[in-house]
Participant: 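Encoded as structure tokens, here's the structure I'll be asking about.
If you're wondering where the values come from, they're calculated on a predicted model, not measured in any experiment. Just follow the structure's listing: the first ligand is 1, and inside any ligand the first atom is 1.
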Amino acid sequence: MKERFILGFPPECSDRPITYHLIKDYRFKVNILRAEITPGKEGRLLIEAEADSKDFERGMDFLRRERVLVYPLKRRLNIDLERCIHCGICTAVCISGALDMERRNWQITFNVAQCVGCELCIKACPLRLIQLNFLNNLNG
Ligand code: SF4
Ligand code: SF4
């Protein structure tokens, strides 16, 4: 599994090689996307981490034991409907039915609750109008 989240390191964690242990002991593949470290304050890392589900759970337990805060990022699909030409190509690849074509007016509709985040529609749109954004409650 692959997830993005923010790790919050309390000041007392700053001298512990926590990311190193995630990689070495729990076989996480870690991609650091952003880092904010202020001496004496909580440090934050925005990371993308990949591991098999068992290692992932063990790694999360390790973080909790080390009192590292984990802020999951919510993924939200954005579609630029102003520029959309309602060609319907994205609905053809959307197996969850989140993207659909309204037969009444031949406009596409997007039901966010049905979206499983497979990203197939992103590649399918010829105008590149679909993007996946990551949201968190720390920095908006
Ligand atoms: S990400 Fe996948 S499930 Fe979500 S709208 Fe696109 S194709 Fe459908
Ligand atoms: S593939 Fe792109 S242009 Fe076509 S309906 Fe979907 S979002 Fe609109």
Participant: Provide the number and element of each atom of ligand 1 under 4.0 Å from a heavy atom of F110.
Facilitator: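 Listed by number with element: 5 (S).
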Participant: For ligand 1, which atoms sit closer than 4.0 Å to a heavy atom of C94?
Facilitator: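 So the answer, numbered in order with elements, is 3 (S), 5 (S), 7 (S), 8 (Fe).
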Participant: Side chains of L46 and Y71: does their closest heavy-atom pair fall under 4.5 Å?
Facilitator: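 No, their side chains stay 4.5 Å or more apart.
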Participant: Is ligand 1 under 4.0 Å from a heavy atom in the side chain of C115, in the backbone, in both, or in neither?
Facilitator: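 C115 to ligand 1: contacts from backbone and side chain alike.
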Participant: Do any heavy atoms of G88 fall under 4.0 Å from ligand 2?
Facilitator: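 Per 4.0 Å heavy-atom rule, G88 contacts ligand 2.
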Participant: If you have a sec, work out which protein heavy atom is nearest atom 4 (Fe) of ligand 2 and how many Å separate them, to one decimal?
Facilitator: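 The closest one turns out to be C87 SG, 2.3 Å.
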Participant: When you measure from the side chain of R27 to the backbone N and O of D25, does any donor-acceptor pair fall under 3.5 Å?
Facilitator: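 No, because the side chain of R27 does not come within donor-acceptor range (under 3.5 Å) of the backbone of D25.
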Participant: State, yes or no, whether a side-chain contact exists between R16 and E66 at a heavy-atom distance under 4.5 Å.
Facilitator: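 A side-chain contact under 4.5 Å exists here.
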Participant: Which residue holds the protein heavy atom closest to atom 2 (Fe) of ligand 1, what is that atom called, and what is the gap in Å?
Facilitator: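 Its nearest protein heavy-atom neighbour is C118 SG, 2.3 Å.
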Participant: Number the atoms of ligand 1 from 1 as they appear, then name those within less than 4.0 Å of a heavy atom of L77, with their elements.
Facilitator: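 Answer, ordered by atom number: 5 (S), 6 (Fe).
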Participant: With rounding to the nearest 0.5 angstrom, report the CD to NZ distance, E48 to K29.
Facilitator: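 Output value for this atom pair is 11.5 Å.
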Participant: What's the spacing between L7 CG and I18 CD1 if we round to 0.5 Å?
Facilitator: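 These two atoms lie 9.0 Å from each other.
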Participant: How far is atom 1 (S) of ligand 1 from its nearest protein heavy atom, and which residue and atom name does that atom have?
Facilitator: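 So the nearest neighbour among protein heavy atoms is E119 N, 3.2 Å.
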Participant: Identify the closest protein heavy atom to atom 6 (Fe) of ligand 2: which residue and atom is it, and at what distance?
Facilitator: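 Going by distance alone, atom 6 (Fe) of ligand 2 is nearest to C90 SG, 2.3 Å.
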Participant: For atom 8 (Fe) of ligand 2, grab the closest protein heavy atom and report residue, atom and distance to one decimal in Å.
Facilitator: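 Sorting protein heavy atoms by distance from atom 8 (Fe) of ligand 2 puts C84 SG, 2.4 Å first.
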Participant: Go through ligand 2 atom by atom and flag the ones less than 4.0 Å from a non-hydrogen atom of I85.
Facilitator: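 Those of ligand 2 that fall under 4.0 Å from I85 are 3 (S).
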Participant: Check I108 against ligand 2 and report side chain, backbone, both or neither, counting heavy atoms closer than 4.0 Å.
Facilitator: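 Looking at I108 and ligand 2, just side chain atoms fall under 4.0 Å.
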Participant: Walk me through whether F56 and F28 qualify under ring-ring contact (aromatic ring centres under 6.0 Å, His included).
Facilitator: CA-CA 7 Å; F56 204 88; F28 272 46; 5.3 Å; yes
Participant: R128 side chain to K123 main-chain N or O, any donor-acceptor pair under 3.5 Å?
Facilitator: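 Answer holds: yes.
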Participant: Side chains of I122 and Q131: closer than 4.5 Å at any heavy-atom pair?
Facilitator: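 They are not in contact (no side-chain heavy atoms under 4.5 Å apart), so the answer is no.
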Participant: If you measure only the distance, is there a donor-acceptor pair under 3.5 Å linking the side chains of Q114 and N111?
Facilitator: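 Side-chain D/A pair, Q114 to N111: present.
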Participant: Show the atoms of ligand 1 that are less than 4.0 angstrom away from any heavy atom in L99.
Facilitator: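 Answer for ligand 1: 5 (S).
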Participant: Taking C-beta and beyond as the side chain, do I130 and L77 meet within less than 4.5 Å on heavy atoms?
Facilitator: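 Side chain of I130 against side chain of L77, heavy atoms only: contact under 4.5 Å found.
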Participant: Considering heavy atoms of the protein only, find what lies nearest to atom 3 (S) of ligand 1 and give residue, atom and distance to 0.1 Å.
Facilitator: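 The answer is S96 OG, 3.3 Å.
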Participant: Is C121 close enough to atom 6 (Fe) of ligand 1 that one of its N, O or S atoms comes in under 2.8 Å?
Facilitator: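 Within the cut-off used here (under 2.8 Å), C121 does place an N, O or S atom near atom 6 (Fe) of ligand 1.
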